[in-house]
Amino acid sequence: MKHENILIIGAGGQIGAVLTEALREVYGPDHVVSSDLKPLTQQSGPTEVLDALDGQALEALVKKWRITQIYHLAAILSATGEKDPMWAWNINMTSLFNVLEIARQRSLNKVYFPSSIAVFGREAAHQNTPQYEVLIPETVYGISKVAGENWANYYYRRYSVDVRSLRYPGIIGYQSMPGGGTTDYAVDIYHYATQQKNYECFLRANTCLPMLYMPDAIRGTIELMEAPANRLSVRTSYNLAGMSFTPEEIAASIQKEAPQFKITYKPDFRQAIADSWPASIDDSAARHDWNWRPEFDLDAMTRDMLQHLALQYAAKAQAPA
Ligand code: NAD
Ligand code: SER
């Protein structure tokens with residue numbers, strides 16, 4: 001077992017819920033402290049309530065648990081952020097500064113901060129978007145991620161804080177529900193299909209976006225964090241790719257398993273956000289530096305999602321009311 005004491009901020013979210021369990025497998029349950037705004041239930045290790053805007057509370061937790069690494073997942077995502085841009089900016093940036101400062105002051109070993117494909121805007125190459133590309137995002141979420149990436153790089157260069165980051169594409173998983181993103185349709189659609197319901201998609205049929213299955217995302221995150229520091233050439237945030245598909249392609253993939261499934265389309269404000277993002281991502285820097293390789297393609301993900309969700313919904317149906 002490796003000897004680190006890890007704090008996860010935003011552990012109750014879509015990615016945090018899964019990452020917490022994965023890190024506990026690697027580092028031991030007692031060495032991974034999960035935290036979120038509200039108490040977390042069904043936890044297999046220590047857990048705390050933490051508002052990441054409260055720097056003093058964060059410092060107290062870091063001291064209490066002798067924290068050596070922080071995974072800072074708390075953020076307001078793209079679609080929710082557009083409803084109140086200043087609120088989203090404040091949460092995304094203040095929480096990140098609190099984490100970077102405590103890491104600097106207490107010489108933490110490592111910090112993880114996820115960025116996003118939302119850093120790109122319409123001026124960026126739409127296909128195979130390069131690692132180093134013009135960054136003119138069109139959401140407050142994307143602006144906060146560009147700023148965050150640059151602050152991460154600044155803390156690394158100026159203070160030697162070992163901050164590492166991935167630009168996640170849309171993340172799809174069966175374990176947890178997404179929290180207000182533009183790629184959420186690609187999770188919701190599997191829940192509808194499992195319940196034998198048709199799905200009305202909030203993006204157009206031909207909107208192609210980069211996506212990644214949760215097991216690949218979690219493995220990639222841990223692989224980046226365990227990579228030797230001298231292998232990492234990118235200290236803003238690494239492009240990361242898994243697959244790219246449109247709503248009509250994911251529906252066709254589901255129909256291979258559930259031929260009766262139907263999709264309809266009613267684009268809303270999230271269409272403009274999706275239109276500003278890349279269709280596919282060049283992740284050759286991650287492949288070169290720390291040997292990143294995704295394992296799941298669309299059909300493999302569909303089979304796995306539908307199998308797990310079928311079991312989940314069957315268990316729910318049998319549970320006492
Ligand atoms: P999520 O919305 O599901 O979870 C975020 C969690 O942060 C929530 O549990 C929320 O309660 C918590 N939180 C919010 N404000 C907080 C605060 N002030 N203090 C403490 N906790 C707070 O998000 P997610 O999908 O799990 O995303 C995690 C990270 O990954 C985010 O930084 C997000 O930008 C990034 N990311 C996610 C995706 C994706 O597709 N899910 C894609 C790209 C990047
Ligand atoms: N999945 C995220 C979103 O849609 C991308 O960062 O906001």
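All residue numbers refer to positions in the sequence shown, counting from 1. Counting starts at 1 for both ligands and their atoms, following the listed order. What you are looking at is a predicted structure, and each value in this text was computed from that prediction instead of being measured. Scope of the values below: all heavy atoms of this structure, side chains included, with no hydrogens, waters or symmetry mates.
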Decide whether an N or O pair under 3.5 Å exists between [X] and ligand 1.
X      : result
Lys145 : yes
Gly170 : no
Ile9   : no
Ser116 : no
Ile76  : no
Tyr141 : yes
Asp51  : yes
Ile91  : no
Leu77  : no

Quiz item: Is it true that Asp36 and Lys38 have a side-chain N and a carboxylate O under 4.0 angstrom from each other?
Solution: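 Answer for the salt bridge query: no.
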Could you pull out the closest heavy-atom pair between [X] and [Y], with the gap in Å?
X      : Y      : answer
Tyr155 : Leu100 : CE2-O, 3.5 Å
Phe120 : Trp277 : O-CD1, 3.8 Å
Ala229 : Asp162 : CB-OD2, 4.3 Å
Val140 : Trp89  : CG2-CB, 3.9 Å
Gln14  : Met177 : CB-O, 3.4 Å
Leu77  : Gly180 : CB-O, 3.6 Å

Practice problem: Could you give me the CA-CA distance, side-chain angles and deciding distance for His191 and Tyr199, then say whether ring-ring contact (aromatic ring centres under 6.0 Å, His included) is met? | Solution: CA-CA 9 Å; His191 286 265; Tyr199 182 66; over 10 Å; no
Quiz item: Measuring from the heavy atoms of Pro169, does anything fall under 4.0 Å of ligand 1?
Solution: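 Right, Pro169 reaches ligand 1.
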Practice problem: For the pair Phe245 and Tyr185, name the ring-plane relationship: parallel under 30°, tilted 30 to 60°, perpendicular over 60°. | Solution: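 Aromatic pair Phe245/Tyr185 classed perpendicular.
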Practice problem: Output every pair passing salt bridge (charged side-chain N to carboxylate O under 4.0 Å, His left out) with a member in residues 84-106, not counting sequence neighbours, ordered by first then second residue. | Solution: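 Qualifying pairs, neighbours excluded: Glu101-Arg104.
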Practice problem: Could you list all the salt bridge (charged side-chain N to carboxylate O under 4.0 Å, His left out) pairs where at least one residue sits in residues 136-156, not counting sequence neighbours? | Solution: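 Those involving residues 136-156 are Arg122-Glu138, Glu149-Arg167.
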Looking at [atom], what's its closest protein heavy atom, distance included?
atom                    : result
atom 27 (O) of ligand 1 : Ile15 CD1, 3.9 Å
atom 25 (O) of ligand 1 : Gln14 OE1, 3.4 Å
atom 31 (C) of ligand 1 : Leu73 O, 3.0 Å
atom 30 (O) of ligand 1 : Pro114 CG, 3.4 Å
atom 4 (O) of ligand 1  : Gly13 CA, 3.2 Å
atom 40 (O) of ligand 1 : Ile171 N, 2.8 Å

Identify which of [options] has a heavy atom lying nearest to [atom].
atom                    : options                      : answer
atom 5 (C) of ligand 1  : Gly16, Gly181, Ala75, Gly142 : Ala75
atom 14 (C) of ligand 1 : Ile8, Leu37, Val187          : Leu37
atom 44 (C) of ligand 1 : Gly179, Ser115, Ala74        : Ser115
atom 20 (C) of ligand 1 : Leu50, Val49, Asp36          : Leu50

Self-check item: OH (Tyr192) with more than 12 external heavy atoms under 6.0 Å
Solution: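 Counting neighbours around OH of Tyr192, 12 or fewer heavy atoms of other residues, nucleotides or ligands fall under 6.0 Å, so no.
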Quiz item: Tell me the side chain to side chain donor-acceptor pair (under 3.5 Å) pairs involving residues 52-64, sequence neighbours left out?
Solution: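 Side chain to side chain donor-acceptor pair (under 3.5 Å) check on residues 52-64 returns Glu48-Lys64.
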Side-chain H-bond candidate by donor/acceptor type, [X] with [Y], under 3.5 Å:
X      : Y      : answer
Thr221 : Tyr168 : yes
Asp304 : Tyr213 : yes
Asp289 : Ser233 : yes

Quiz item: Which of the atoms in ligand 1, numbered in the order shown and given with their element, are less than 4.0 Å from a heavy-atom of Gly10?
Solution: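 Ligand 1 atoms under the 4.0 Å threshold to Gly10: 6 (C), 7 (O), 12 (C).
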Quiz item: If you count the atoms of ligand 1 from 1 in the order shown, which ones are under 4.0 Å from a heavy atom of Ala52?
Solution: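 Answer for ligand 1: 17 (C), 18 (N), 19 (N), 20 (C).
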Practice problem: Measure from NZ or CZ of Arg204 to the centre of the six-membered ring of Tyr265 and say whether it is under 6.0 Å with the direction within 45° of the ring axis. | Solution: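 No, Arg204 and Tyr265 do not form such a contact.
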Present, as a list of atom pairs with distances to 0.1 Å, all nitrogen or oxygen contacts under 3.5 Å between ligand 2 and the protein.
from	atom 1	to	atom 2	distance (Å)
ligand 2	1 (N)	Thr183	OG1	2.7
ligand 2	4 (O)	Ser78	OG	3.3
ligand 2	4 (O)	Thr182	N	2.6
ligand 2	4 (O)	Thr183	N	3.1
ligand 2	4 (O)	Thr183	OG1	3.4
ligand 2	6 (O)	Ser116	OG	2.5
ligand 2	6 (O)	Tyr141	OH	2.8
ligand 2	7 (O)	Ser78	N	3.2
ligand 2	7 (O)	Ser78	OG	2.6

Self-check item: Proximity of Ala11 to ligand 1 by residue part, where a heavy atom lies under 4.0 Å
Solution: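 No part of Ala11 comes within reach of ligand 1.
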